[in-house]
Peer 1: 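Could you have a look at this structure, given as structure tokens, before my questions?
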Amino acid sequence: MSSTVHLSLGFSFHQRCSSFFQQSVAMALSLVHSTLFSKTSQLFLHTKTGFSHFSSSIPFSSSALPSNPKTWRRPVISALELGGVKIARDDVVRDDPTNNVPDTIFSKLGLQLHRRDQHPLGILKNTIYDYFDTNYSNKFDKFDELCPIVSVKQNFDDVLVPADHVSRSYNDTYYVDSQTVLRCHTSAHQAELLRKGHTHFLVTGDVYRRDSIDSTHYPVFHQMEGFRVFSPDEWEASGVDGTSFAAEDLKKCLEGLATHLFALEDKSIRLLYVDSVKISGAVEMRWVDTYFPFTNPSFELEIYFQEKWLEVLGCGVTEQEILKRNGKLNNVAWAFGLGLERLAMVLFDIPDIRLFWSNDERFTSQFSKGQLGIKFKTFSKYPPCYKDMSFWINESFTENNLCEVVRGIAGDLVEEVSLIDNFTNKKGMTSHCYRIAYRSMERSLTDEEINGLQMSVREQVQSKLNVVLR
Ligand code: FA5
Ligand code: MG
């Protein structure tokens, strides 16, 4: 795992190792909100008219705007339309202790990269659609415009996420208010679609998580949910029980999808088992057993990429309770949630997740509708610049809060935040040293600019996280 602390809807390292955090959600909440989110209300001009901002918003926070005026446009959006509903900035970003959505996140709402046919995410979504249409005779209903602002019930309760699960915390999820969140996974729509009678569906959309910073984690990314319900006659003849039948069908479906995607670029797939030796040539992937509250058994699919195993999707056989509650008693089902960016990074050779948000023509012009085989040619040869920062942490310190501060200042100019040293002294005080890598994907940064950013980071880390710099 690259930086060890990232939210997963399953059990992550984070969950196993930060019980102090679970116990202090309430404390963190008040601390986070009293200190972390002072809102920059001048960022967006307010207009009540509202409009979609597919093309006019930009992916930088104001504090991270590049100095070259040609490479950016100032955001002028105060409202947008999501699934036919008008949403004003004030509906999502509020100075209120139950709200932790910063402007940088609001600026991403409604961009809908997955609905752009020339964008790698749109190209990938369409290719996955083709696979399902061809192999399942158009049986899968497709949704890609469901509103990302959902209730806590939809996001967590409906998929059986326990009341004390770490993913519900303000440290991991963006809350609009105590009962409303920016969905942190597309599984938030499973229950409502089942209730509406859908038995085969794909839901694609933007999802939001407070998370660590590195080349494969971003606070906004895109998932595609797949869901398939079986009726008893489908598995009874097979001689195996419903759960085994569904699990086998699920793996077959996803292995078939992987073969379809990589075959388009003339690559073969090699399925490995945990601890297998890597052999170069083919795309190598493996199934790993895992845990999700909503499936049992549960699996993750990993692909070998940039010298590491990269988790690209989670899946499993749906818990009976979900089916029962939503009118599908006596059925079994499988579900998967695929991280579109991660898969697109492997397919298009995109080295950093920030690039998906780039409006730079040198990025956007490399992709065209329907063309999956294209390999991205990097245009950024700029070296990263590293800055280290040590401080004594306090009880409520979390890496996600640190990352939120750093992103708030440096925006997409920050490439990675990693813990490089960690010790506790005789007095029981714990020191962390973080290394921040600054690098623009699009231009070279001046020393002056980086020093300015680092100075602000140091100030805000101290004032907002109440840590003591060393
Ligand atoms: C889920 O979100 C589950 N809802 C998936 C699921 C659906 C399981 C249906 C079972 C049945 P997870 O937290 O592991 O699981 O995220 C799914 C995928 O999203 C990951 O495999 C990864 O590809 C992607 N992902 C997770 N966090 C990030 C991030 N910060 N940036 C980019 N991609 C991410
Ligand atoms: Mg996971």
Side-chain angles (χ1 to χ4, degrees), residues 1-3 5-15 105 108 113-114 121 124 150 154-156 158-161 165-167 172-174 182-191 193-194 201-228 246-247 250-251 253-254 285 287-303 305 309-319 322-323 333-346 350 352-357 399-400 403-404 407 416-417:
M1 199 180 316
S2 48
S3 64
V5 270
H6 70 274
L7 177 148
S8 162
L9 267 299
F11 276 133
S12 62
F13 172 89
H14 187 163
Q15 185 174 20
I105 290 296
K108 300 286 197 283
L113 303 181
H114 61 287
L121 299 179
L124 174 57
V150 300
Q154 287 172 294
N155 200 73
F156 298 120
D158 282 355
V159 282
L160 314 177
V161 175
H165 194 276
V166 66
S167 63
D172 288 33
T173 291
Y174 290 108
L182 301 183
R183 68 181 163 210
C184 69
H185 57 169
T186 43
S187 303
H189 301 288
Q190 285 185 5
L193 292 173
L194 279 172
F201 54 85
L202 300 172
V203 179
T204 314
D206 36 329
V207 301
Y208 298 78
R209 295 183 190 183
R210 299 180 89 239
D211 215 330
S212 45
I213 299 179
D214 64 32
S215 63
T216 60
H217 288 85
Y218 202 77
V220 189
F221 60 99
H222 296 75
Q223 286 188 341
M224 184 188 285
E225 191 87 1
F227 204 98
R228 177 178 187 185
L250 169 65
K251 285 189 172 175
C253 168
L254 291 170
M285 50 184 74
W287 287 110
V288 180
D289 290 335
T290 190
Y291 164 85
F292 293 105
F294 28 91
T295 50
N296 186 19
S298 305
F299 316 99
E300 282 170 346
L301 186 67
E302 298 184 339
I303 298 184
F305 179 63
W309 285 105
L310 178 67
E311 180 203 316
V312 296
L313 66 86
C315 65
V317 178
T318 301
E319 284 287 358
I322 296 178
L323 297 176
W334 55 237
F336 66 80
L338 203 161
L340 285 182
E341 276 84 351
R342 299 267 182 95
L343 196 51
M345 287 174 82
V346 181
I350 295 175
D352 193 295
I353 197 162
R354 291 173 293 167
L355 281 161
F356 291 100
W357 300 93
E399 195 172 300
N400 283 357
C403 289
E404 194 79 358
R407 276 210 203 274
E416 184 158 3
V417 174

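Order of appearance sets the numbers: ligands from 1, and atoms from 1 within every ligand.
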Peer 1: Under 3.5 Å, N or O to N or O, is H217 touching ligand 1 that way?
Peer 2: no
Peer 1: Using side-chain heavy atoms (C-beta onward) and a distance below 4.5 Å, is V220 in contact with I105?
Peer 2: yes
Peer 1: Taking only heavy atoms of I353, which atoms of ligand 1 are found under 4.0 Å from at least one of them?
Peer 2: 31 (N), 32 (C)
Peer 1: Using heavy-atom distances, let me know which of W334, Y218, F292 sits nearest atom 15 (O) of ligand 1.
Peer 2: F292
Peer 1: Report yes or no: does T173 contribute a side-chain atom to a donor-acceptor pair with the main-chain N or O of S167 at less than 3.5 Å?
Peer 2: yes
Peer 1: Where on R209 is there a heavy atom closer than 4.0 Å to ligand 1, on the side chain, on the backbone, on both, or on neither?
Peer 2: side chain
Peer 1: Do N155 side-chain atoms and V150 backbone N/O form a donor-acceptor pair below 3.5 Å?
Peer 2: no
Peer 1: Record the part of H185 in heavy-atom contact with ligand 1 below 4.0 Å; permitted values are side chain, backbone, both and neither.
Peer 2: side chain
Peer 1: With the threshold set at under 4.0 angstrom, would you say V159 reaches ligand 1 through any of its heavy atoms?
Peer 2: no
Peer 1: Taking the side chain as C-beta and beyond, is there a heavy-atom pair between L301 and W287 under 4.5 Å?
Peer 2: yes
Peer 1: Do D211 and P219 touch side chain to side chain, with heavy atoms closer than 4.5 Å?
Peer 2: no
Peer 1: What are the atoms of ligand 1, with element, lying closer than 4.0 Å to any heavy atom of F336?
Peer 2: 7 (C), 9 (C)
Peer 1: Please confirm whether R407 makes a cation-pi placement over Y218, using NZ or CZ under 6.0 Å from the six-membered ring centre and within 45° of the ring normal.
Peer 2: yes
Peer 1: Which atoms of ligand 1 sit under 4.0 Å from any heavy atom of T295?
Peer 2: 10 (C), 11 (C)
Peer 1: Check this for me - ligand 1, S187, N or O atoms closer than 3.5 angstrom, yes or no?
Peer 2: yes
Peer 1: With respect to Y174, which candidate in R183, E404, R209 satisfies the side-chain hydrogen bond (donor to acceptor under 3.5 Å, both in side chains) definition?
Peer 2: E404
Peer 1: The Mg ion (ligand 2) is nearest to which N, O or S atom of E311?
Peer 2: OE2
Peer 1: With distance as the sole test, does R342 use its side chain to make a donor-acceptor pair with the main-chain N or O of L313 at under 3.5 Å?
Peer 2: no
Peer 1: Using a 4.0 Å heavy-atom cut-off, which part of V312 comes near ligand 1: side chain, backbone, both, or neither?
Peer 2: backbone
Peer 1: With backbone taken as N, CA, C and O and side chain as the heavy atoms from C-beta onward, which portion of T216 lies under 4.0 Å from ligand 1: side chain, backbone, both, or neither?
Peer 2: backbone
Peer 1: Could you tell me whether E311 and ligand 1 have an N or O pair separated by under 3.5 Å?
Peer 2: yes
Peer 1: Is the distance between the ring centroids of H185 and F294 under 6.0 Å?
Peer 2: yes
Peer 1: Could you tell me if any non-hydrogen atom of E225 lies under 4.0 Å from any atom of ligand 1?
Peer 2: yes
Peer 1: Is there a side-chain contact between W334 and C253 in this structure, where contact means two heavy atoms from C-beta onward sitting under 4.5 Å apart?
Peer 2: yes
Peer 1: Under the 6.0 Å and 45° cation-pi test, does K108 pair with Y208?
Peer 2: no
Peer 1: Does only the side chain of C315 get under 4.0 Å from ligand 1, or the backbone, or both, or neither? Count heavy atoms.
Peer 2: backbone
Peer 1: Any idea which part of F294 is under 4.0 Å from ligand 1, heavy-atom wise: side chain, backbone, both or neither?
Peer 2: side chain
Peer 1: Between D211 and ligand 1, which part of the residue brings a heavy atom under 4.0 Å of the ligand: side chain, backbone, both or neither?
Peer 2: side chain
